[in-house]
Amino acid sequence: MLISRNRFPILCFILLAFTTSILLTMQSTNNAVSIVLSMLMFNIFVGSAPEKRRDVFFFFNLTFFTFLVGLILVDWINGQTVLGKYTEEIRSSTIMALCVSLICILMGQFLSENFSFRRNKVLVEEEQIDVDEYLRKYGNILKITYIVFYITFPFSFLDTLDRASYVIDNSYTALYVAFQSKMPYILVKLGELNTIVFALLCCTEIRKEKIQLPCVLFLVFSVLSLAIGKRNVFVLNIIMFIVAMRYMNNKMRKSTGDVLYTNRIIWIAAVALPIMIVVLEMIGNTRDLGYSRAYSSQGMLNSIESFFYKQGGQITFLSDTIQQKPVIDKPLVPFTFSSVYNYFRNLFGLTNYKMYTLDYIKYGNYLGASLTQIVSPGTILSGKGSGCCYIAELYYDWGFAGIVIGGIVLGYILGRLKISDAREPWFNAFILLMIRWIVYIPRSSYLDWISYPLNIWNIVIVIAIVMADRVIKRRALR
């Protein structure tokens, strides 16, 4: 059942809001925002069901709101014309694209819970985990992973500190076009492995006292990333951390009986959310104005409004794609598949165009660069960008049919991306990284959630850890 009976009152409220939204839209097309908001509320409501494991669907809809709805909601609340710089046709098409996307990912989520392509293989999780047996099986992997984590973390921390120092002395955009790390290339790459190694720890460890320090270090690193101005790294790390914490909490209950957090932590996090948004807005202002410029407080409510207005600007990327579609150069490969295409092109040593160059704009097969060069010439070359949007890619490549099919497939994947005790920890580690990236595709490419986690360095380090475990076990049998 998609909705439990005890949640029907909330469902009725959302349906009432949706009906009211339709009536408001009949009076003015500007009120169509309320329909999008009602659909989004329903999706978040479905994703928050406590008896279901819909964490990924829940977080995806939150980022969908942040990147694609925030701006138009603020405009609507303030009585401004939503997407006022566009024609009525473009505005209607944009709102329609959002509505269709929200409906289709919900359909995909429903399909994922009621239909499986592998009917004969059902993942069954154990009710209890024998600690001694579990540690005999995964003890070596844990020891190796801890060693790799503590080796890679200092390089990750120092590289981030180096970038933060550079941004303070120069500018945020200069980081992308002129920064050169003071660390050797191999050490930078070792530092980048820290995230997948931490994910592997979270998916393997069952002892509370062992995992606490890595968790603290990971959070410290995430906070430090804000000094660079990269709010997305912080937010994605926190989302990944929350998903990992829920999994570890459940796994520890079934093994040692310990818990990493209680409901009190959840309430503290809920109260801290507005404060975190204000801090993220301050980081954004500091990044835009420079560290030498003072930040003037505008109050919590105004800061929250400003944050969602700025972050919700990805909706204009979608509108620009609809408007500029006839003049955007046809890519060699559909933009929808550009992430995977570029992944294999780089993997096999084919031409790798550097970002923020003319060659990248022309031949990089990336909608974000192609569109930005049209609507804001020179922006890419200066080290700035507008990101991308998976809905825009689907629309450009296949029209509204693409949004429907791509949305249903995406919703199905959101429902299937779950960490499970029935899978091996290293498999779960990659799923955790995929979750980290898939919630970001409202602001990036459709298949980024595949290409980024499965980069060759991540695969090599995980294989190396697994192979080292097997070598140790074989020697122990001699």
Side-chain angles (χ1 to χ4, degrees), residues 47 52-63 105 108-109 111-113 115-118 121-126 129 134 137-138 141-142 145 148-149 192-206 211 214-215 218 222 233 235-252 254 260 339-340 343 390 409-441 444-466 469:
K52 301 288 186 178
R53 293 179 58 190
R54 297 171 180 156
D55 297 358
V56 185
F57 185 75
F58 173 79
F59 282 118
F60 181 86
N61 280 278
L62 288 185
T63 55
I105 61 172
Q109 173 70 32
L111 284 174
S112 73
E113 297 177 5
F115 174 79
S116 175
F117 291 102
R118 298 188 297 176
K121 186 173 181 179
V122 180
L123 295 176
V124 180
E125 296 188 0
E126 298 178 7
I129 298 175
Y134 183 89
K137 184 177 182 180
Y138 297 114
I141 286 183
L142 280 169
T145 307
V148 177
F149 176 82
E192 291 176 358
L193 294 174
N194 191 251
T195 302
I196 180 65
V197 175
F198 176 73
L200 183 55
L201 274 180
C202 292
C203 295
T204 312
E205 187 59 86
I206 58 173
I211 196 64
C215 286
F218 183 76
S222 301
V233 173
V235 173
L236 295 181
N237 280 356
I238 294 301
I239 290 175
M240 186 185 89
F241 184 74
I242 292 172
V243 174
M245 285 277 286
R246 290 198 62 181
Y247 172 72
M248 286 190 290
N249 223 41
N250 183 54
K251 195 168 185 176
M252 288 179 186
K254 295 190 295 184
L260 277 173
S339 292
V340 174
Y343 173 85
Y390 82 95
V409 171
L410 175 61
Y412 187 89
I413 294 168
L414 291 174
R416 285 290 170 179
L417 278 182
K418 294 179 181 179
I419 310 173
S420 171
D421 292 340
R423 298 191 181 101
E424 293 291 351
W426 45 88
F427 193 86
N428 283 332
F430 281 107
I431 290 180
L432 189 55
L433 286 193
M434 288 178 178
I435 291 171
R436 180 183 185 273
W437 277 104
I438 202 168
V439 298
Y440 192 62
I441 65 171
S444 64
S445 190
Y446 186 71
L447 295 178
D448 273 357
W449 63 275
I450 294 178
S451 60
Y452 280 103
L454 296 179
N455 74 68
I456 191 65
W457 289 83
N458 286 350
I459 294 174
V460 167
I461 192 63
V462 171
I463 291 177
I465 291 173
V466 174
D469 168 59

Donor-acceptor pair, distance only, cut-off 3.5 Å: does the side chain of Asp469 make one with the backbone of Ile465?
no
Close side-chain approach of Thr63 to Val235, heavy-atom, < 4.5 Å
no
Is there side-chain contact between Asp421 and Tyr247, with at least one heavy-atom pair below 4.5 Å?
yes
Side-chain touch Ile141/Trp426, heavy atoms, less than 4.5 angstrom:
yes
Report the residues that fulfil ring-ring contact (aromatic ring centres under 6.0 Å, His included) with Trp437, sequence neighbours left out, ordered by chain and then residue number.
Tyr452
Report the distance from atom CZ of Phe430 to atom CD1 of Ile435, rounding to the nearest 0.5 Å.
14.0 Å
Nearest 0.5 Å, please: how far is CH2 in Trp449 from CD1 in Ile441?
8.5 Å
Nearest 0.5 Å, what's the OH-OG distance between Tyr390 and Ser444?
10.5 Å
If only side-chain N and O atoms count, and only distance matters, is there a donor-acceptor pair under 3.5 Å linking Tyr134 with Lys251?
yes
Do Val243 and Phe59 have side chains that get closer than 4.5 Å, going by heavy atoms?
yes
What is the distance from atom OH of Tyr138 to atom CD1 of Ile206, rounded to the nearest 0.5 Å?
10.5 Å
Indicate whether any N or O donor in one side chain lies under 3.5 Å from an N or O acceptor in the other, for Tyr343 and Asn455.
no
Mind checking the CZ-CD1 spacing from Arg436 to Ile238? Nearest 0.5 Å is all I need.
10.5 Å
Apply side chain to side chain donor-acceptor pair (under 3.5 Å) to Thr195 and list each qualifying residue two or more places apart in sequence or on a separate chain.
none
Begin from the C-alpha positions of Tyr446 and Leu410 and carry the test side chain to side chain contact (heavy atoms under 4.5 Å, CB included) through to its verdict.
CA-CA 9 Å; Tyr446 186 71; Leu410 175 61; 4.0 Å; yes
Flag side-chain contact, heavy atom, 4.5 Å: Glu205 against Pro214
no
Is there a side chain to side chain contact (heavy atoms under 4.5 Å, CB included) between Met240 and Cys202? Walk through the geometry before answering.
CA-CA 10 Å; Met240 186 185 89; Cys202 292; over 6 Å; no
Verify side chain to side chain contact (heavy atoms under 4.5 Å, CB included) between Phe198 and Asn237, making sure each step is shown before the conclusion.
CA-CA 11 Å; Phe198 176 73; Asn237 280 356; over 6 Å; no
In the structure I gave you, are the side-chain heavy atoms of Thr145 and Thr204 within less than 4.5 Å of one another anywhere?
no
Of Leu447, Val56, Asp448, Leu433, the residue whose pairing with Ile438 passes side-chain contact (heavy atoms from CB on, under 4.5 Å):
Val56
Please step through side chain to side chain contact (heavy atoms under 4.5 Å, CB included) for the pair Met434 and Ile413, ending with a clear verdict.
CA-CA 10 Å; Met434 288 178 178; Ile413 294 168; over 6 Å; no
So, do Asn458 and Val462 sit near enough that their side-chain heavy atoms are less than 4.5 Å apart?
no
Any donor-acceptor pair under 3.5 Å from Arg54 side chain to Leu414 backbone
no
Any side-chain heavy atom of Ile419 within less than 4.5 Å of one from Cys203?
yes
Could you tell me whether the side chain of Asn194 and the main chain of Phe149 form a donor-acceptor pair under 3.5 Å?
yes
Rounded distance [0.5 Å steps], CD1 in Ile211 versus CG in Leu142
8.5 Å
